[in-house]
There are 2 protein chains.
Amino acid sequence: MENRIDRIKKQLHSSSYKLTPQREATVRVLLEHEEDHLSAEDVYLLVKEKSPEIGLATVYRTLELLTELKIIDKINFGDGVSRYDLRKEGAAHFHHHLVCIECGAVAEIEDDLLEDVEEIVERDWKFKIMDHRLTFHGICVKCQQKKEDQEQSE
Amino acid sequence: MENRIDRIKKQLHSSSYKLTPQREATVRVLLEHEEDHLSAEDVYLLVKEKSPEIGLATVYRTLELLTELKIIDKINFGDGVSRYDLRKEGAAHFHHHLVCIECGAVAEIEDDLLEDVEEIVERDWKFKIMDHRLTFHGICVKCQQKKEDQEQSE
DNA sequence: TTGAATGCAAAAGTTTTGCAACCAA
DNA sequence: TTGGTTGCAAAACTTTTGCATTCAA
């Protein structure tokens with residue numbers, strides 16, 4: 001944890017930004033909720049628990065900064081808010097998501113499943129890929145199970 | 001064109017909605033701009049050209065309705081607006097996008113490049129896929145060319 | 001001391017909602 | 001008549017911005 005904070009600190013410094021207490025508090029919240037997909041408001045409320053004096057604008061500015069440095073990725077699942085996701089260390093590309101349309105759960109896929117597809121796109125469309133966003137919408141295991149149970153009891 | 005309007009009319013009727021003049025005007029704009037990725041505001045302004053009495057709220061409500069019926073897909077490229085894209089007739093899945101980070105151009109890929117990936121996801125993650133969103137961010141041919149030209153003249 | 005960073009409040013921008021009026025079956 | 005649909009305006013939200021103040025090198 002402290003290691004990751006240190007490395008992020010260095011990343012900021014190398015672009016001549018400072019890791020201020022507010023930024024550190026924001027980064028800590030992101031690290032503590034690595035599995036979640038927090039909105040700016042979510043992050044703000046969580047940071048506020050430990051650092052009540054922080055302002056929402058600062059959170060937005062920090063998230064923007066971290067996105068720019070590719071420490072986090074900004075993503076949108078179609079509800080009106082942007083969400084932020086820590087990029088795994090050393091990951092060349094943004095990971096993929098499985099969004100359950102029944103319960104809203106979001107799972108992550110770390111494996112890069114797009115290598116072949118990207119090769120095709122770069123070759124056939126002459127498009128130089130820098131990043132990608134891949135999200136599957138469907139029904140998670142739990143909700144599939146729930147449905148089966150319901151059908152049996154009917 | 002009239003054929004497609006008729007089919008959309010039937011789709012609406014089969015869910016007991018009407019194809020009102022305002023809805024038809026909206027659908028026509030979407031058909032006439034199939035290649036574009038219009039925001040609600042874009043659609044509103046275009047519809048207003050021919051039907052000046054229409055309200056923005058009606059456009060939003062129509063786009064929501066068409067999305068629900070899977071006639072159009074709502075998509076978000078990371079600028080603060082939702083955009084709407086006609087689903088190709090008979091297409092099982094939403095098509096993919098190439099967004100140029102230099103000039104903002106958006107190209108579409110009709111081919112379903114995800115068949116293999118979806119098979120893996122359904123098998124390994126036991127996730128029942130209903131839909132997907134795949135967008136590549138990178139540099140389009142034109143902007144690559146522009147960059148090369150710049151480098152040569154330097 | 002100086003530029004970067006912050007907090008607050010206001011502003012900007014998108015999307016939704018309440019409601020009276022309208023319209024078609 | 002009745003329920004769906006519309007237009008308008010207001011409201012609700014998310015995100016950005018202006019500015020005085022604060023902070024750290």
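Sequence lines set the chain letters: A, B, ... in the order given, protein chains first and strands last, and positions in each chain run from 1. Reckoned from all heavy atoms, side chains included, excluding hydrogens, waters and symmetry mates.
Each of D112(B), D73(B), D85(B), D111(B) was evaluated against H95(B); a single residue qualifies, D85(B), per the side chain to side chain donor-acceptor pair (under 3.5 Å) test.
At the heavy-atom level, I54(B) lies under 4.0 Å from the strands shown only through sugar-phosphate atoms. Using a 4.0 Å heavy-atom criterion, one finds that S16(A) contacts no nucleic acid atom at all. Among the protein residues, E53(A) comes within range of the sugar-phosphate backbone only, with heavy atoms under 4.0 Å from sugar or phosphate atoms but none that close to a base. Nucleic acid contact class of S82(B) (heavy atoms, under 4.0 Å, all strands): sugar-phosphate only.
Atom NZ of K48(A) is separated from atom P of dT6(C) by 15 Å (rounded to the nearest Å). The NZ atom of K18(B) sits 5 Å away from the C1' atom of dA24(C) (whole-angstrom rounding). The distance between atom CD of E41(B) and atom P of dG13(C), rounded to the nearest whole Å, is 10 Å. The nearest whole Å value for the distance from the CG atom in L56(B) to the P atom in dT5(D) is 18 Å. In this structure, the CD atom of E64(A) is 18 Å from the P atom of dT14(D), given to the nearest Å. Atom CG in N76(B) sits about 11 Å away from atom C1' in dT14(C), given to the nearest Å. When rounded to the nearest whole Å, the span between CG of L12(B) and P of dA25(C) equals 15 Å. Rounded to a whole Å, the OH atom of Y84(B) is 8 Å from the C1' atom of dT15(C).
The base of dG7(D) sits within donor-acceptor range of the side chain of R61(B), with an N or O pair under 3.5 Å.
Taking a cutoff of 4.0 Å between a charged side-chain nitrogen and a carboxylate oxygen, R123(A) and E119(A) do not qualify as a salt bridge. The pair R83(B)-D42(B) meets the salt-bridge criterion, since a charged nitrogen lies less than 4.0 angstrom from a carboxylate oxygen.
For an aromatic pair to be called close, the ring centres must be under 6.0 Å apart, and F77(A) with H137(A) fails this.
No side-chain N or O of H96(B) forms a donor-acceptor pair with one of E108(B) less than 3.5 Å apart.
The side chain of Y60(A) contributes an N or O atom lying less than 4.0 Å from OP1 or OP2 of dT15(D). An OP1 or OP2 oxygen of dG7(C) is reached within less than 4.0 angstrom by a side-chain nitrogen or oxygen of Q22(A). In terms of phosphate contacts, T20(A) brings no side-chain nitrogen or oxygen within less than 4.0 Å of OP1 or OP2 of dA5(C).
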